[in-house]
Asker: 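Mind having a look at this structure? Questions to follow.
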2 protein chains.
Amino acid sequence: MVVDSEVDRLFHALADPTRRDVLRRSAEGELSVSRLADGYEMSFAAVQKHVAVLERAGLVTKTRRGREQLVRTDPAALRRARQALDELEAVWRDRVDRMTDLLTTPIQEEDR
Amino acid sequence: MVVDSEVDRLFHALADPTRRDVLRRSAEGELSVSRLADGYEMSFAAVQKHVAVLERAGLVTKTRRGREQLVRTDPAALRRARQALDELEAVWRDRVDRMTDLLTTPIQEEDR
DNA sequence: ATAACTTGCAACCAAATGGTTGTAGATTCC
DNA sequence: GGAATCTACAACCATTTGGTTGCAAGTTAT
């Protein structure tokens with residue numbers, strides 16, 4: 001099971017188009033924060049904040065190389081987000097299964 | 001492809017523990033907004049707002065039954081959220097594939 | 001008919017979010 | 001050594017969010 005506050009941070013981080021784009025671009029290949037920031041209209045500090053949100057959610061990690069900080073996406077975090085979605089879907093699927101059972105299971109002697 | 005603003009709303013709606021719980025409970029079985037609200041510490045109006053957020057994201061639909069409004073989760077919306085995650089993961093997977101290719105593909109005459 | 005229940009919505013408030021500019025500390029280049 | 005580059009972080013601002021209470025309107029039960 002994934003803890004609640006972690007799922008909060010994951011989905012919150014994913015709920016912004018700039019952050020999803022950062023995620024895509026740094027999945028393509030490692031990029032410094034400055035190189036990433038070049039790609040957007042907003043200020044460097046704004047992009048830096050977005051990266052920080054992704055980092056707190058565990059979606060990216062940074063590694064220093066000289067004066068720059070390389071951003072790399074962590075696929076395990078994406079999988080954790082998917083797992084949280086899967087758990088939600090499972091609740092619904094279980095219910096459908098139970099309803100299907102009710103409709104298709106032949107009635108046994110001991111059930112009466 | 002899923003449009004950006006829709007993904008925004010989906011992930012934003014999912015980034016709150018109360019809303020995820022509403023989603024679970026209304027996946028278990030249809031519940032009126034009042035019945036749902038009974039399960040939480042906060043006011044009725046607060047729960048109503050959470051349901052509205054889920055509704056705007058398409059994660060639940062409401063159908064009237066007499067004076068009450070039954071909330072039902074829409075599994076298709078959950079799948080759209082998963083698809084958005086899958087698209088992000090795909091970027092990363094493609095990159096890994098390309099790197100693996102570089103390492104394993106034997107060098108051909110015409111590549112030199 | 002009236003009371004009780006359910007919902008929707010407005011007005012309000014505190015806190016969080018997403019942006020800005022400015023400053024300061026490392027690191028690299030010349 | 002000094003200039004340029006890269007990053008971090010603080011202070012500030014407008015907007016959004018998540019909560020509250022109060023009120024109006026529709027539906028059901030007595």
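Values below: all heavy atoms of this structure, side chains included; hydrogens, waters and symmetry mates excluded.
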Asker: Could you please name the option among D/dT7, D/dC6, C/dT20 that lies closest to any side-chain atom of A/R35?
Answerer: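 Taking heavy atoms from C-beta onward, the closest nucleotide is D/dC6.
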Asker: Given atom NE2 of B/H12 and atom C1' of C/dA16, what is their separation to the nearest angstrom?
Answerer: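 Distance, rounded to whole Å: 12 Å.
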Asker: Considering only side-chain heavy atoms of B/Q69, which listed nucleotide, C/dC9, C/dT21, C/dT7, is closest?
Answerer: C/dT7
Asker: From D/dG19, D/dT7, D/dT21, pick the nucleotide closest to the side chain of B/A45?
Answerer: D/dT21
Asker: More than 12 heavy atoms of other residues, nucleotides or ligands under 6.0 Å from CZ of B/R24: is that the case?
Answerer: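 Yes, because the 6.0 Å sphere around CZ of B/R24 holds more than 12 heavy atoms from other groups.
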Asker: Just to be sure I understand the rule, does B/A52 reach a base, reach only the sugar-phosphate, or reach nothing, if contact means heavy atoms closer than 4.0 Å?
Answerer: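 The answer is nothing, as B/A52 stays clear of every strand by at least 4.0 Å.
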Asker: What nucleotide among D/dT21, C/dT7, D/dT7 has an atom nearest to a side-chain atom of A/Q48?
Answerer: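 Minimum distance to the A/Q48 side chain belongs to D/dT7.
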Asker: Could you check how far CZ of B/F44 sits from P of C/dT7, rounded to whole Å?
Answerer: 5 Å
Asker: Expressed as a whole number of angstroms, how long is the span from B/F11:CZ to C/dT17:P?
Answerer: 18 Å
Asker: Whether A/R98 and B/E28 form a salt bridge (side-chain N of Lys/Arg under 4.0 Å from carboxylate O of Asp/Glu) is what I want to check.
Answerer: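 So B/E28 pairs with A/R98 through a salt bridge.
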Asker: Any idea which of C/dT7, D/dT17, D/dA8 is nearest the B/R64 side chain?
Answerer: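 Of C/dT7, D/dT17, D/dA8, C/dT7 is nearest to the side chain of B/R64.
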Asker: Rounded to whole Å, how long is the line connecting atom NZ of A/K62 with atom P of D/dC9?
Answerer: 8 Å
Asker: Whole-Å distance between D/dT7 P and A/L31 CG?
Answerer: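 Value for this atom pair: 11 Å.
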Asker: A/V47 or A/G66: which one's nearest nucleotide on DNA chain C is closer to the 5' end?
Answerer: A/V47
Asker: Find out whether B/E89 and A/R79 are in side-chain contact, i.e. whether some heavy atom of one side chain is under 4.5 Å from a heavy atom of the other.
Answerer: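 Touching, per the 4.5 Å side-chain cut-off.
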Asker: May I have the distance from A/H50 (atom NE2) to D/dT7 (atom P), rounded to whole angstrom?
Answerer: 16 Å
Asker: Among D/dT20, D/dA29, D/dT7, which nucleotide sits nearest the side chain of B/R67?
Answerer: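 That would be D/dA29.
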Asker: Is the shortest side-chain N/O distance from A/S43 to OP1 or OP2 of C/dG19 below 4.0 Å?
Answerer: no
Asker: Measure from the side chain of B/A46, starting at C-beta and using heavy atoms only, and say which of C/dT20, C/dT27, D/dG19 lies closest.
Answerer: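 That would be D/dG19.
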Asker: Would you classify A/R19 as touching base, sugar-phosphate or nothing, given that sugar-phosphate means primed atoms plus P, OP1 and OP2, and contacts are heavy atoms under 4.0 Å?
Answerer: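 The residue A/R19 makes sugar-phosphate contact but no base contact.
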Asker: Please report the C-alpha distance between B/L23 and A/V91 in whole Å, then the side-chain angles of each, then the deciding distance to 0.1 Å, and finally whether the side-chain contact (heavy atoms from CB on, under 4.5 Å) criterion is met.
Answerer: CA-CA 9 Å; B/L23 221 44; A/V91 178; over 6 Å; no
Asker: Atom NZ of B/K49 to atom P of D/dT16: distance rounded to whole Å?
Answerer: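 Going from B/K49 (NZ) to D/dT16 (P), I get 14 Å.
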Asker: Distance check needed: C/dG18 C1' versus A/L54 CG, whole Å only.
Answerer: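 Distance check: A/L54 CG to C/dG18 C1' gives 14 Å.
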Asker: Counting heavy atoms not belonging to B/R72, are there more than 12 under 6.0 Å from its CZ?
Answerer: no
Asker: Which of these nucleotides, D/dC9, D/dT7, D/dT20, is closest to any side-chain atom of A/E68?
Answerer: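 Closest of the options to the side chain of A/E68: D/dT7.
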Asker: How would you label the contact of A/S32 with the nucleic acid (heavy atoms, under 4.0 Å): base, sugar-phosphate, or nothing?
Answerer: sugar-phosphate
Asker: Mind checking B/S34 for me? I need base, sugar-phosphate or nothing, with any heavy atom below 4.0 Å counting as a touch.
Answerer: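 Since only primed, P, OP1 and OP2 atoms lie under 4.0 Å of B/S34, the category is sugar-phosphate.
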Asker: Is B/R65 salt-bridged to B/E68, going by a charged N under 4.0 Å from an acidic O?
Answerer: yes
